[in-house]
Amino acid sequence: MNDFISIVILQFNNSHYTIALLNSLEKIKYKKFRIVIVDNHSTDSSVKHLKNHFKKNNHSFSYIIDDKNGKFKNIEKPFSKIFLVKSLKNGGYAYGCNLGLKLSLSLQSDYYLILNNDVEVDPNFLNELIVFSKRNPEMGMISSKIFYYGTKDLVWFNGGKINRLTGRVTHFNFRKKDNPELEYKGINFLTGCSLFIPHEPLIDVGFLDEAFFFYHEDVDYSLQFLKKGYQLGVCSNSIIYHKKNISGIDISDTGAKYRSINKKLLINKHFKGLSKIFAHADHLFYAFLKYIYNGKYRLAFEHIFAVLTKKK
């Protein structure tokens with residue numbers, strides 16, 4: 001075992017984030033890794049911008065156009081440090097991450113790290129993930145501790161919990177100042193922003209469920225690992241910084257629609273009996289009333305429409 005890591009990064013129309021992350025990764029202390037960037041069929045010049053960045057900085061890379069849905073064979077430059085995969089369709093977050101995982105598996109790795117492109121990393125974050133994983137072999141999936149970008153200690157994520165009655169997800173200590181006494185026990189949810197997975201658990205659990213186009217795929221994946229008997233954890237010494245709006249949660253109209261659809265899918269997949277009925281009712285009315293309270297009337301009714309009409 002060489003402790004080699006494949007870092008999977010997904011982008012869609014936002015290469016400026018990816019480039020900033022790449023610059024951040026150049027400064028890390030751990031060196032046994034490759035980077036697999038999946039462009040999820042961007043409609044702008046993101047691929048061109050990345051290629052120009054690589055050429056300008058004399059970075060060797062392999063460019064792959066995926067026309068076989070992740071069946072990677074006869075890959076050019078198999079020892080490249082950077083792979084750029086151009087997907088010919090936007091199959092959603094899970095689909096794009098799976099392309100990166102499939103390529104990483106074909107190239108052989110010991111660990112796999114799914115990383116949002118809108119983050120930057122502490123130079124020591126990979127070393128800490130490796131050490132933490134080896135000390136906790138019962139953990140099938142691990143997250144870094146995530147702070148808001150531009151802060152040194154304002155928590156965005158250090159573990160989370162899925163309410164098995166309502167299906168709601170809570171980030172522990174959300175927007176609190178970090179300190180050693182913050183609680184993050186009983187973790188049963190990890191955010192897709194940072195997912196570190198050893199080889200054997202990945203082979204055992206498999207890939208993300210591509211039925212989740214956008215939102216709740218990380219909740220589903222967390223539950224998949226738990227059902228296989230693995231634990232989930234957060235490595236407090238591995239730090240990354242997420243470029244999220246501190247004043248509130250940013251969500252587009254498209255994101256709101258898929259969040260409504262995929263929450264219904266999640267409940268149907270993982271909830272049973274009375275808890276399933278209660279979770280569906282909570283999902284239908286809680287989001288509706290929240291949108292109404294915030295004056296987002298169109299989104300409120302689109303939520304109702306999405307939940308009641310989409311067959312998932």
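- A donor-acceptor pair under 3.5 Å is absent between the side-chain atoms of N2 and the main chain of F4, judged by distance alone.
- Summarising the geometry, atom CD belonging to Q231 is positioned 8.0 Å from atom CG belonging to N136; distances are rounded to the nearest 0.5 Å.
- Within the 4.5 Å cutoff, side-chain heavy atoms of V119 are placed close to those of L21.
- Considering all non-hydrogen atoms of both residues, S42 and N13 come closest at OG-N, 2.8 Å.
- Every residue two or more places apart in sequence or in another chain was checked for a salt bridge (charged side-chain N to carboxylate O under 4.0 Å, His left out) with D218, and none qualifies.
- A donor-acceptor pair under 3.5 Å is formed between the side chain of S194 and the backbone N or O of S144.
- No side-chain heavy atom of V169 sits less than 4.5 Å from a side-chain heavy atom of T191.
- No donor-acceptor pair under 3.5 Å is formed between the side chain of D66 and the backbone N or O of V85.
- Between D209 and Y221 the shortest side-chain heavy-atom distance does not fall below 4.5 Å.
- Between Y258 and Y215, a ring centre-to-centre spacing not shorter than 6.0 Å is recorded.
- Remark: side-chain polar atoms of T170 are not paired, donor with acceptor, to backbone N or O of F172 under 3.5 angstrom.
- Smallest separation of non-hydrogen atoms from L129 and C235: CD2-CB, 4.0 Å.
- With no hydrogens or angles considered, no side-chain donor-acceptor pair links S222 and N188 at under 3.5 Å.
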For this session: Carefully, step by step, assess Y149 and E120 under the rule side-chain contact (heavy atoms from CB on, under 4.5 Å).
Result: CA-CA 8 Å; Y149 181 77; E120 294 188 22; 3.6 Å; yes
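- Tracing side-chain contacts under 4.5 Å through hydrophobic residues (I, L, V, M, F, W, Y), one never reaches I277 starting from L266; they form parts of separate clusters.
- In summary, the side chains of D118 and N14 do not present any donor paired with an acceptor at a separation below 3.5 Å, with no hydrogens or angles considered.
- Between F189 and F157, the ring-plane angle classifies as perpendicular under the 30° and 60° cut-offs.
- When all heavy atoms of D44 and S46 are compared, the closest pair comes out as OD1-OG, 2.7 Å.
- The cluster map of Ile, Leu, Val, Met, Phe, Trp and Tyr, joined by side-chain heavy atoms under 4.5 Å apart, puts L88 and I37 in the same cluster.
- Between F288 and A300, the shortest heavy-atom contact is CD1-O, 3.4 Å.
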For this session: Evaluate the side-chain contact (heavy atoms from CB on, under 4.5 Å) criterion for residues K145 and D178: first the C-alpha distance (whole Å), next the side-chain angles of each, then the deciding distance (0.1 Å), finally the verdict.
Result: CA-CA 10 Å; K145 180 179 282 187; D178 187 44; 2.9 Å; yes
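- Counting heavy atoms of neighbouring residues, nucleotides and ligands inside a 6.0 Å radius, atom NZ of K276 exceeds 12 of them.
- For the pair L126 and I130, the minimum side-chain heavy-atom distance is 4.5 Å or more.
- The main-chain N or O of E200 is never found under 3.5 Å from a side-chain atom of D204 such that the two would form a donor-acceptor pair.
- Atoms CG and CE, from L190 and M141 in turn, are 5.0 Å apart once rounded to the nearest 0.5 Å.
- Note on I142 and V131: separate hydrophobic clusters, where clusters join Ile, Leu, Val, Met, Phe, Trp and Tyr whose side-chain heavy atoms are under 4.5 Å apart, directly or indirectly.
- Considering all non-hydrogen atoms of both residues, P201 and G140 come closest at CB-O, 3.8 Å.
- Side-chain N or O atoms of D122 include one that pairs as donor or acceptor with a backbone N or O of N124 at under 3.5 Å.
- Partners of D153 under the salt bridge (charged side-chain N to carboxylate O under 4.0 Å, His left out) rule, at least two apart in sequence or in another chain, are K177.
- In terms of heavy atoms, K257 sits closest to A306 at O-CB, 4.3 Å.
- Side chain of H171 to main chain of W156: a donor-acceptor pair is present (N/O by atom type, distance under 3.5 Å, no hydrogens or angles).
- Using a 4.5 Å heavy-atom threshold, the side chains of F174 and V155 count as separate.
- Using a 4.5 Å heavy-atom cutoff, the side chains of L154 and F147 are not in contact.
- Every side chain to side chain contact (heavy atoms under 4.5 Å, CB included) that L105 has, sequence neighbours left out, goes to Y112, H199, L202, I203, F207.
- Distance CG/L284 to CG/L289: 9.0 Å, rounded to 0.5 Å.
- Counting heavy atoms from C-beta outward, N23 and H53 have side chains that approach closer than 4.5 Å.
- Here the straight-line distance linking atom CG of L232 with atom CZ of F225 works out to 8.0 Å at 0.5 Å rounding.
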For this session: Go through K269 and Q224 one step at a time and tell me if the side-chain contact (heavy atoms from CB on, under 4.5 Å) criterion holds.
Result: CA-CA 11 Å; K269 183 175 179 179; Q224 286 190 56; 3.9 Å; yes
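- Remark: K31 NZ is packed, more than 12 non-hydrogen atoms of other residues, nucleotides or ligands lying under 6.0 Å away.
- By the criterion of side-chain heavy atoms lying less than 4.5 angstrom apart, applied directly or through intervening Ile, Leu, Val, Met, Phe, Trp or Tyr residues, F285 is grouped together with I304 in one hydrophobic cluster.
- One distance of note links CG of L115 with OG of S143; it measures 9.5 Å at 0.5 Å rounding.
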Exercise. side-chain contact (heavy atoms from CB on, under 4.5 Å) between F132 and N237: does it pass, once the steps are laid out?
Worked result: CA-CA 9 Å; F132 185 82; N237 293 325; over 6 Å; no
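- Residue pairs satisfying the ring pair (Phe, Tyr, Trp, His ring centres under 6.0 Å) criterion with at least one member in residues 12-47, sequence neighbours excluded, are absent.
- Between Q11 and H49, the side chains place no donor N or O within less than 3.5 Å of an acceptor N or O (distance only, hydrogens not considered).
- Judged purely by atom type and a 3.5 angstrom limit, S260 has no side-chain atom pairing as donor or acceptor with the backbone of V307.
- Between the side chain of S275 and the main chain of K272, a donor-acceptor pair closer than 3.5 Å is present.
- Its side chain within the 4.5 Å cluster rule, F278 clusters with L165 among the Ile, Leu, Val, Met, Phe, Trp and Tyr residues.
- Between H216 and D220, the side chains place no donor N or O within less than 3.5 Å of an acceptor N or O (distance only, hydrogens not considered).
- Cluster annotation: I65 is connected to F54 through the hydrophobic network of ILVMFWY side chains, with a link wherever side-chain heavy atoms come within less than 4.5 Å.
- A side-chain contact (heavy atoms from CB on, under 4.5 Å) with Y93 holds for exactly one of N98, N40, N116; it is N116.
- Atom CG of L50 sits about 6.0 Å away from atom CG of L84, to the nearest 0.5 Å.
- Its side chain within the 4.5 Å cluster rule, F271 clusters with I267 among the Ile, Leu, Val, Met, Phe, Trp and Tyr residues.
- N268 has its side chain within reach of H280: a pair of non-hydrogen atoms, C-beta onward, lies under 4.5 Å apart.
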